[in-house]
K.L.:
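Provided herewith is a single structure, encoded as structure tokens, for subsequent inquiry.
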Amino acid sequence: VTLHEDEDPSVKRNAYVAACKLKKQEILPVMLEKLQRREDKYLAIQGLFQYGERLFEDLKHLPPEVIDRCTPELIKIASKLKGPAVTGFLLTLLKENHAYQDKAIHVLWSRGFHAEMAEDMHLFRIQLQRCMESGIRKTAYLHAVPMWKSRHLLQRSLENEIWHDLSV
């Protein structure tokens, strides 16, 4: 049994942390696989924090489908790290029209990111337009909800989505 499969959680955690501190690209597929297992997810995230910004440089060498399966966890890790590779990863999610764009925008906003390159500014204008159009559509839906018994529940749900679009 290897140490990253040990029964003792502290041994397993130390194995994950030590492996990631080495910053070896070969361990990334194993660590990303651990992110998919509920019982290993937290320990894998803790280990990948130790990998640092270089994690986001090394991710570029992996197949996109491997990264897609771990995107929410990678965004969580990116929220705690800094550097151009981390910012590049988050901006890539916006360029690819990824399902987690809102989370990527939130992380960029929370770290005070300001788009300086024309390409990035254009990217954020597109996102702003997308959110505004979505909010306008939802506002129209809000006023068109039929008089059902559960009307207020549906209206409240639409209002929450509109507020989410505004905050993004």
Side-chain angles (χ1 to χ4, degrees), residues 20 28 31-168:
C20 289
L28 274 183
M31 294 305 294
L32 295 178
E33 180 186 318
K34 299 290 183 190
L35 285 175
Q36 300 306 298
R37 295 173 49 189
R38 191 171 54 92
E39 64 274 6
D40 292 332
K41 182 184 281 193
Y42 175 76
L43 295 176
I45 288 173
Q46 295 306 308
L48 288 169
F49 281 137
Q50 302 302 313
Y51 205 106
E53 180 194 9
R54 184 156 156 213
L55 166 67
F56 295 94
E57 294 169 8
D58 290 351
L59 285 174
K60 295 174 186 172
H61 303 290
L62 296 176
E65 58 274 4
V66 172
I67 297 166
D68 285 344
R69 287 193 300 265
C70 305
T71 300
E73 294 82 9
L74 291 171
I75 291 172
K76 182 181 276 190
I77 293 166
S79 72
K80 305 285 188 218
L81 299 174
K82 293 185 180 179
V86 178
T87 302
F89 168 76
L90 295 167
L91 289 172
T92 299
L93 294 177
L94 300 183
K95 291 175 188 166
E96 296 174 351
N97 199 18
H98 204 278
Y100 296 100
Q101 286 179 325
D102 293 353
K103 290 181 189 245
I105 288 171
H106 179 75
V107 172
L108 289 166
W109 172 79
S110 67
R111 62 177 50 183
F113 174 78
H114 294 285
E116 295 174 2
M117 297 179 60
E119 180 184 356
D120 295 339
M121 287 185 227
H122 179 68
L123 191 58
F124 280 100
R125 278 191 207 105
I126 291 170
Q127 296 304 318
L128 177 60
Q129 183 177 356
R130 177 187 63 85
C131 285
M132 292 300 291
E133 288 172 357
S134 175
I136 290 168
R137 269 193 319 276
K138 290 172 187 171
T139 302
Y141 298 153
L142 181 65
H143 296 292
V145 174
M147 296 300 265
W148 295 336
K149 189 168 87 174
S150 300
R151 174 190 173 118
H152 296 293
L153 182 62
L154 184 57
Q155 283 179 320
R156 187 70 190 143
S157 177
L158 282 167
E159 288 172 355
N160 287 337
E161 287 194 28
I162 293 167
W163 277 110
H164 177 265
D165 289 346
L166 285 173
S167 67
V168 170

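Just so you know, these numbers use all the heavy atoms, side chains as well, and skip hydrogens, waters and symmetry mates. Owing to the predicted nature of the structure, the values given are computational and were not obtained by experimental measurement.
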K.L.:
Are H164 and D102 side-chain neighbours, meaning at least one heavy-atom pair lies under 4.5 Å?
P.N.:
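Sidechains of D102 and H164: in contact.
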K.L.:
Looking at K76 and E73, is any side-chain nitrogen of the basic one under 4.0 Å from a carboxylate oxygen of the acidic one?
P.N.:
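No, E73 and K76 are not salt-bridged.
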K.L.:
Heavy atoms only: give me the nearest L35-A44 pair and the separation to one decimal.
P.N.:
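That would be CD2-CB, 3.8 Å.
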K.L.:
Hey, is NZ on K138 packed in by over 12 heavy atoms from elsewhere, all under 6.0 Å?
P.N.:
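Result for NZ/K138: enclosed.
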K.L.:
Answer whether the closest heavy-atom distance between the side chains of V86 and E53 falls below 4.5 Å.
P.N.:
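Sidechains of E53 and V86: in contact.
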K.L.:
Report the distance from atom NE2 of H106 to atom CZ of R111, rounding to the nearest 0.5 Å.
P.N.:
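Answer rounded to 0.5 Å: 11.0 Å.
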K.L.:
Does atom CD of E33 have more than 12 heavy-atom neighbours, drawn from other residues, nucleotides or ligands, at distances under 6.0 Å?
P.N.:
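It does not: E33 CD has 12 such atoms or fewer within range.
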K.L.:
Within the side chain of Q50, is there an N or O that forms a donor-acceptor pair under 3.5 Å with the backbone of C20?
P.N.:
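No, the answer is negative, given that no donor and acceptor are paired below the 3.5 Å cut-off.
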K.L.:
Of all the heavy-atom pairs spanning I67 and L62, show the shortest one and how long it is.
P.N.:
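Scanning both residues, the minimum pair turns out to be CD1-O, 4.0 Å.
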K.L.:
If I compare all heavy atoms of F56 with all of A85, which pair ends up nearest, and what's the gap?
P.N.:
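For F56 and A85, the tightest heavy-atom pair comes out as CB-O, 3.6 Å.
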K.L.:
Any heavy-atom pair between the side chains of V66 and L59 that's under 4.5 Å?
P.N.:
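They are not in contact (no side-chain heavy atoms under 4.5 Å apart), so the answer is no.
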K.L.:
NZ/K95 to CG/L90 distance, rounded to the nearest 0.5 angstrom?
P.N.:
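If I round to the nearest 0.5 Å, the distance is 11.5 Å.
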K.L.:
Could you tell me if Q155 and E159 have a donor-acceptor pair between their side chains, going purely by distance under 3.5 Å?
P.N.:
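No, no side-chain donor-acceptor pair sits under 3.5 Å.
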K.L.:
Of all heavy-atom pairs between D120 and A115, which one has the smallest distance, and what is that distance?
P.N.:
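Here D120 and A115 meet closest at CB-CB, 3.7 Å.
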K.L.:
Would you indicate whether the side-chain heavy atoms of I105 and F113 approach each other to under 4.5 Å?
P.N.:
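The answer is no, as the side chains (C-beta and beyond) never meet within the 4.5 Å cut-off.
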K.L.:
Just wondering, are more than 12 heavy atoms of other shown residues or ligands nearer than 6.0 Å to CD in E119?
P.N.:
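Result for CD/E119: open.
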K.L.:
Can you name the nearest heavy-atom pair linking L94 to Q127, along with the distance?
P.N.:
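Closest heavy-atom pair between L94 and Q127: O-NE2, 3.7 Å.
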K.L.:
Roughly how far, to the nearest 0.5 Å, is the CE atom of M121 from the CD1 atom of I126?
P.N.:
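So the CD1 of I126 and the CE of M121 are separated by 13.5 Å.
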K.L.:
Mark yes when over 12 heavy atoms from residues, nucleotides or ligands other than Y42 sit less than 6.0 Å from its OH; otherwise mark no.
P.N.:
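Open.
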K.L.:
Under 3.5 Å, is there a donor-acceptor pair between the side chain of R151 and the main chain of V145?
P.N.:
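Side chain of R151 to backbone of V145, a donor-acceptor pair under 3.5 Å: yes, one is there.
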K.L.:
S134 side chain to C131 main-chain N or O, any donor-acceptor pair under 3.5 Å?
P.N.:
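Side chain of S134 to backbone of C131: no pair is present.
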K.L.:
Taking everything shown except E116 itself, do over 12 heavy atoms lie less than 6.0 Å from its CD?
P.N.:
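Atom CD in E116 is not crowded, with 12 or fewer foreign heavy atoms closer than 6.0 Å.
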K.L.:
Quick check: closest heavy atoms across A104 and L93, and the distance to 0.1 Å?
P.N.:
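Taking A104 first and L93 second, the nearest heavy atoms are CB-CD1, 4.0 Å.
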K.L.:
Counting neighbours of NE2 on H114 that are heavy atoms of other residues, nucleotides or ligands and sit closer than 6.0 Å, is the number greater than 12?
P.N.:
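For H114, atom NE2 is not crowded (no more than 12 foreign heavy atoms under 6.0 Å).
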K.L.:
Using only atom types and a distance under 3.5 Å, with no angle test, would you say the side chain of T139 pairs donor to acceptor with the backbone of G135?
P.N.:
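Such a contact is found between T139 side chain and G135 backbone.
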